[in-house]
Every structure is written in structure tokens, then in C-alpha cells.
**Q** 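Quick one: the structure is below, questions incoming.
A note on names: the letters A, B, ... follow the listed sequences, proteins ahead of strands, and every chain is numbered from 1. Computed from a prediction, not measured in an experiment: that's the story for all the values here.
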2 protein chains.
Amino acid sequence: MTEKQSLEEVGRSLHSNAIHLLRHVRTEDSAMGIGPAQASALSVVVFGGPLTLNELAEVEQVRPPTMSRVVEALVKEGLVRRETNRDDRRSVIISPTDKGTRILQEGRNRRERRLIKLLSKLDADEIRCLGKASRILSKILVVEHS
Amino acid sequence: MTEKQSLEEVGRSLHSNAIHLLRHVRTEDSAMGIGPAQASALSVVVFGGPLTLNELAEVEQVRPPTMSRVVEALVKEGLVRRETNRDDRRSVIISPTDKGTRILQEGRNRRERRLIKLLSKLDADEIRCLGKASRILSKILVVEHS
DNA sequence: CTGTATACTTAGCATAGCTAATCATTAGCT
DNA sequence: AGCTAATGATTAGCTATGCTAAGTATACAG
């Protein structure tokens, strides 16, 4: 019972912290000159290699029409390329341009610097604790390929 | 140097985990019948007691016109009340209705159940670690009243 | 070769973010 | 008191991002 209580508390607290953490770093997003959906999609394209629009939509958990428009904007800004797949001419392959890769890295760095500035208020023990917790979270969150 | 490296890793990892965590629980939001901005604002009104529109906008880190419209929608749906402040008739006080409080609790519970389902894959030690990390994060994130 | 399924796009709607401009009220200064 | 500046909220209008429904083009199945 105590354990279940604790589980709920931890869940509630993690939830709240995740919201606040993202709000905090998101202030740096505007410096990238693109919206959050574009930034997130670009990130997947840069780090997740070339992939189709449907795959990208699935990773980003949005519907294909939404992703189609986001990609449209990224193409217009020269951050990704959109080419028809030679093996299946119905589908398109999205890949990052050099500019897209550069822009993303810069934005990512800004976000991380922002976060690091916050984290630097903590002592080494606390950082270690966060690191350990982060690895635990990765185990159950990032996988999700079931 | 090792410490700084670790700081960056932890920052990057936390950032990524926060994104994935919120994506995960956000799937439950639609069940509440209101959008994410409305849900988040309602949460503040319910748990943060009556407060003015400007205060609400600040907590939610959006501009007053944005919050004005969000509140407008919540009022229309009968989830919050909007009354002019007697002490300063320029400002308005937002407070939750019974319906708003109920709706929010239900949605919150759904999100948390979702999160708890994920967390229950972990053992007691790991949960404790997450709890500790969460308290550390709260210290540096939720405060921000400087 | 005809019909169905798949991948994407287009069209149209709702929510949510912003700035600029407006209105009402309060506060401050002589 | 009375004028002016500051403050709290709203309105108007733009952009971005989410959705569903419907359309187009290609692939596949018989």
C-alpha cells in the first residue's frame, strides 16, 4: 500500500516536472526560427536518418496530414529534402539538408545549455541521482517499440 | 571536466525523457474533451486556488491574450468562473467550478494511471531513485519565482 | 485489367501561440 | 480635483499545429 502510494506520488511528480522542464527549455526554441513541431520533426530526421513521411508521422505521434504540412514548411525553409521513393513511388523519403542539420544542432545546444545552467545549481551527488533516474526512465520510455 | 561532461549527458537525457514521457501521457488528454492548454490552465486554477488572469498567464508562461481566450473557452464549458475583482475592477478572478474540479481530477487520474502502468515495470529501488530525482528537479524547476 | 489497398496531399475546421491596438480602471503628480 | 501615465483585460488578426474527410497516384491481387 505504501508502495502503491509512493508509485502515485512519483508518477504525479514526474509528470509535473516533465511539464515544467519542457516549458523551461522551450523558451530557447524560438531562437531557432521554427515552431516546436518543426523542431521536433527535424530532430527525428537528423538523428533518425532518412525515413518516409508515414514513419515520421508515427514517430512524432501525429497524423500524416499534419506531418505532411510540417514537412512542407521544413522543405520551404531548406531544412529537409523530400524525394519520391524509387522502390514505391507512392511514398516519399525525408532527409536532412546540411542547413537543417546545422540549425538543429545549434538549437539543441541552446536548449541543453539552458538545462545545464539549471542543473549547475545542484551538487555532484544530486547530478548522479538524476543521471541514474534518467537511465531508468529511458528503459521504460524510449523503447516502446512493442 | 568529467563532471561537466556528465552534466551535459544528464541534461540531454532528461530533455529527451521529458519529451517522451509527456507524449506518452498526452494520449489520455483527449478523453477529457478539452485541449492541452485548457487542461493545464484548469489544473492551475483547481490546485492553485482562485487567481487573476495575469497570474494564470504567468504561471502558464503564455501572454495574457492567449490566456484570456483559454479562460473564455473554460467559462463557456462551465469549468471555471470569471468574476471582476472587487478591490481592483480592472482585474478578474478565475476560480474553478465543481464540474471543473471533477473533470480535472478524472483526467489527471487517467494520466497518472497511464504513467503508473509504465512505472510498475520497475522495482522498488528504481522507484525510490525516481522519487528522489523528482524531488531534486522540483527544487530547481517549480520554484522559479525569482 | 479491374478493383482494392496504400501513401500522401488537399481542404476545411478547431485550438493555441503571438503582437498590436483598444477599453476600463487605478495610481500618481501638481 | 484633474490630467496623465500605468495596469489588467479584451479584441482583432496573423501563424502554427492538431484533426477528419475526401481526393490523387501508385501498387498489388485476382
**Q** Can you name the nearest heavy-atom pair linking Glu55(A) to Thr52(A), along with the distance?
**A**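 Scanning both residues, the minimum pair turns out to be OE1-N, 2.9 Å.
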**Q** Can you check the Leu53(B) CG to dT11(D) C1' distance for me, whole Å?
**A**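 For the pair Leu53(B) CG and dT11(D) C1', the rounded distance is 13 Å.
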**Q** Which of these passes side-chain contact (heavy atoms from CB on, under 4.5 Å) with Val71(B): Val45(B), Thr66(B), Leu56(B)?
**A** Leu56(B)
**Q** Just checking Arg89(A): does its CZ atom have more than 12 heavy atoms from other residues, nucleotides or ligands closer to it than 6.0 angstrom?
**A** no
**Q** Look up atom NZ in Lys121(B) and atom CD in Glu126(B), then write down how far apart they are to the nearest 0.5 Å.
**A**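 Between atom NZ of Lys121(B) and atom CD of Glu126(B) there are 12.0 Å.
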**Q** Reading nucleotides 13-23 of chain D from the 5' end, what letters show protein touch, with B for base, S for backbone sugar-phosphate only, - for no heavy atom under 4.0 Å?
**A** ----BBBBB--
**Q** Could you list where the contact with chain A starts and ends along DNA chain C, reading 5' to 3', using a 4.0 Å heavy-atom cut-off?
**A**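 Going 5' to 3' along DNA chain C, contacts run dA5(C) to dT10(C).
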**Q** State whether the number of non-hydrogen atoms from other residues, nucleotides or ligands found under 6.0 Å of Glu58(A) atom CD is greater than 12.
**A** no
**Q** If I take atom CD1 from residue Ile93(B) and atom CG from residue Asn85(B), how far apart are they, to the nearest 0.5 angstrom?
**A** 4.0 Å
**Q** Using Watson-Crick or G-U wobble geometry with both distances below 3.5 Å, tell me the partner of dT30(C), or none.
**A** dA1(D)
**Q** Using a cut-off of strictly less than 4.0 Å between a heavy atom of the residue and any atom of DNA chain D, enumerate the qualifying residues of residues 79-93 of chain A by number.
**A** Asp88(A), Arg89(A), Arg90(A)
**Q** Does any N or O in the side chain of Ser40(B) come within less than 3.5 Å of the main-chain N or O of Ala37(B), such that one atom is a donor and the other an acceptor?
**A** no
**Q** If you look at every heavy atom in Thr97(A) and Gly78(A), which pair is closest and at what distance?
**A** OG1-O, 2.7 Å
**Q** Taking atom CZ of Arg102(A) as the centre, does the number of heavy atoms from other residues, nucleotides or ligands within less than 6.0 Å exceed 12?
**A** yes
**Q** State the CG-CG distance between Leu130(B) and Leu137(A), to the nearest 0.5 angstrom.
**A**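 One gets 5.0 Å once the value is rounded to the nearest 0.5 Å.
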